[in-house]
Protein chains: 2
Amino acid sequence: MLFAEHGFDAVSMRDITALAKVNLASVNYHFGSKRALLAEVVGSRAHLLVEERLRLLSALRRDKNGRPKLEDVIEAFLRPSLEMSRQPGGADHMRLRARLGVERVGESKAQFEQIFDASNEKIIDALAEALPDHPRAEIYWGFHCLLGIQNYTMANSGRIQHLSRGACDPTDVEATLARIVPFVANGFRALKRKRAAPRPRR
Amino acid sequence: MLFAEHGFDAVSMRDITALAKVNLASVNYHFGSKRALLAEVVGSRAHLLVEERLRLLSALRRDKNGRPKLEDVIEAFLRPSLEMSRQPGGADHMRLRARLGVERVGESKAQFEQIFDASNEKIIDALAEALPDHPRAEIYWGFHCLLGIQNYTMANSGRIQHLSRGACDPTDVEATLARIVPFVANGFRALKRKRAAPRPRR
DNA sequence: GTCTATATAAGGATAGAC
DNA sequence: GTCTATCCTTATATAGAC
């Protein structure tokens, strides 16, 4: 479909169809409802993303112990997300996904779980391989941080461009990877052993 | 106001007023519009958050060179956010803010800039003090990552609870700080010098 | 299959009684 | 100041002609 270019939620079907120059009724004819359209357009792209991640994962270089390099695993996770934002319509798709990822309502949640769970578990396994001395729980904590950074970057709120007066631009894929990958890798390494909880301050 | 307990956007004023047991018309009488209500309820709490951050910032311990410890700065930024989620209605407020932070529309953006810009710049200055050898731009990149982790934690998407089968719970404030603070601190330390951009893979 | 016209519902805001 | 009743707009979805 031509108008699969779009990815909006807070936007009406009238906006979508006007921009895509298709008739309002044809959407319901083909998809049945707005939510179904959303699921279709989000899902189709998300599947491509997952495939690319799995491809990069399976191509990971291994050291003599058969372990992947931590940085490579993180890049395999992040690069497909960030590169998708460069494709036509991709930036909107990413922003939409970042927003839907926050929703508590189960509608798109179930869809995301179905699409992403399997590959996310593979990523987590690869992270655990790269960090053989880390407790599994700490891998999850690190992955939580990685998800947060990924989502915020995809959302492109413009906040850091504003604060840095343009010195820092998260829409530049290579510049972003060059910072986030080492940041996250080093962050993971800090989780090797549980730290004592910081003392509450009064 | 009693119904300042809530923090919703995708929710109607009828829902809000029904839950708060106040009359629908009284909201417009007191606030003028739904957006004004949103701005008021979000803003009042956000100001408290900023005040608490500034309080912690000004109380930072300093080493003999007058530099704060990196971990302390990060905690001064994060702790007020996370602790607010334990107050009544605070979790909803946090989730709402996480959502609004993603919106591109300038309406709440301008408000957030007005509320948060000054204290964020102070945090960034403190980070730069704690990391005297880092280029300023790299401090911004690290702050971007910190913002992302904070937002995602506040949003409480439930994703990591699901993936970890409950082993990891970001609503536990102390457990979360015990992971995020060292993760972010070590992440910042990885940004000391610019890395070469990772080679694109095909 | 694609269009116009419309049914139906929901939400924000307000008028006006009390 | 607070309530009820209502206006007006907008949105999804569909019926039915072509």
Side-chain angles (χ1 to χ4, degrees), chain A residues 1-46 89 92-93 95-112 114-115 155, chain B residues 1-46 89 91-93 95-112 114 155:
Chain A
M1 293 294 132
L2 295 176
F3 59 125
E5 290 298 301
H6 310 279
F8 296 96
D9 183 39
V11 112
S12 72
M13 290 189 60
R14 283 176 173 76
D15 294 334
I16 296 175
T17 53
L19 192 56
K21 296 195 198 173
V22 299
N23 186 271
L24 176 61
S26 69
V27 177
N28 283 301
Y29 178 82
H30 286 291
F31 294 96
S33 73
K34 184 182 181 181
R35 272 225 83 89
L37 167 67
L38 185 69
E40 168 67 26
V41 70
V42 169
S44 62
R45 252 186 224 260
D92 283 332
H93 171 82
R95 295 192 62 254
L96 175 59
R97 259 199 38 225
R99 178 179 302 200
L100 292 179
V102 170
E103 311 256 338
R104 164 161 283 158
V105 288
E107 316 199 20
S108 40
K109 202 171 166 182
Q111 189 196 7
F112 282 159
Q114 211 229 315
I115 295 175
Chain B
M1 292 292 130
L2 294 178
F3 60 125
E5 290 298 301
H6 310 278
F8 296 96
D9 184 38
V11 112
S12 73
M13 289 189 60
R14 283 176 173 78
D15 293 334
I16 296 175
T17 53
L19 193 56
K21 296 196 198 169
V22 299
N23 187 270
L24 175 62
S26 69
V27 176
N28 282 301
Y29 177 80
H30 286 289
F31 294 97
S33 73
K34 184 181 182 182
R35 273 225 82 88
L37 168 67
L38 184 71
E40 169 65 28
V41 70
V42 168
S44 60
R45 252 186 223 262
D92 282 333
H93 172 82
R95 295 192 61 255
L96 174 59
R97 257 200 39 224
R99 179 179 302 200
L100 291 179
V102 170
E103 311 254 339
R104 165 160 283 158
V105 288
E107 316 200 18
S108 39
K109 202 171 166 182
Q111 190 195 6
F112 282 160
Q114 211 230 314

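All heavy atoms count here, side chains included; hydrogens, waters and symmetry mates do not. Throughout, protein chains are lettered first and strands after them, A, B, ... in sequence-line order, and every chain is numbered starting at 1.
We find that NZ of B/K34 is positioned 16 Å from P of D/dT10, with the value rounded to whole Å. Between B/L38 atom CG and C/dG12 atom P the separation is 11 Å, expressed in whole Å. Computed from coordinates, the A/M13 CE to C/dC3 P distance equals 14 Å when rounded to whole Å. Atom CZ of B/R14 is separated from atom P of D/dT4 by 13 Å (rounded to the nearest Å). We find that CG of A/N28 is positioned 5 Å from P of D/dA13, with the value rounded to whole Å. Taking atom CD1 of residue B/I16 and atom P of nucleotide C/dG11, one finds them 11 Å apart after rounding to whole Å. With rounding to whole Å, B/F31 atom CZ is found 13 Å from D/dG1 atom P. When rounded to the nearest whole Å, the span between CZ of A/R35 and P of D/dA13 equals 10 Å.
B/S33 approaches B/N28 most closely through the heavy-atom pair CA-OD1, 3.6 Å. The two residues A/M13 and A/V27 make their nearest non-hydrogen contact at CE-CG1, 3.1 Å.
The nearest heavy atom of DNA chain C to A/L24 and to A/Y29 marks one nucleotide each, and the one closer to the 5' end goes with A/Y29.
Listed nucleotides C/dG11, C/dA13, D/dA13 differ in distance to B/S12; the shortest reach to its side chain belongs to C/dG11. Nearest nucleotide to the side chain of A/N23, out of D/dT2, C/dT4, D/dT4: C/dT4. Each of C/dT2, C/dC3, C/dA15 was ranked by its minimum atom distance to the side chain of B/A25; first place goes to C/dA15.
The closest donor-acceptor contact from the side chain of A/S26 to the backbone of A/Y29 lies at 3.5 Å or more, if one exists at all.
Partners of B/E40 by side-chain contact (heavy atoms from CB on, under 4.5 Å), not counting sequence neighbours, listed by chain and number: B/F31, B/S44.
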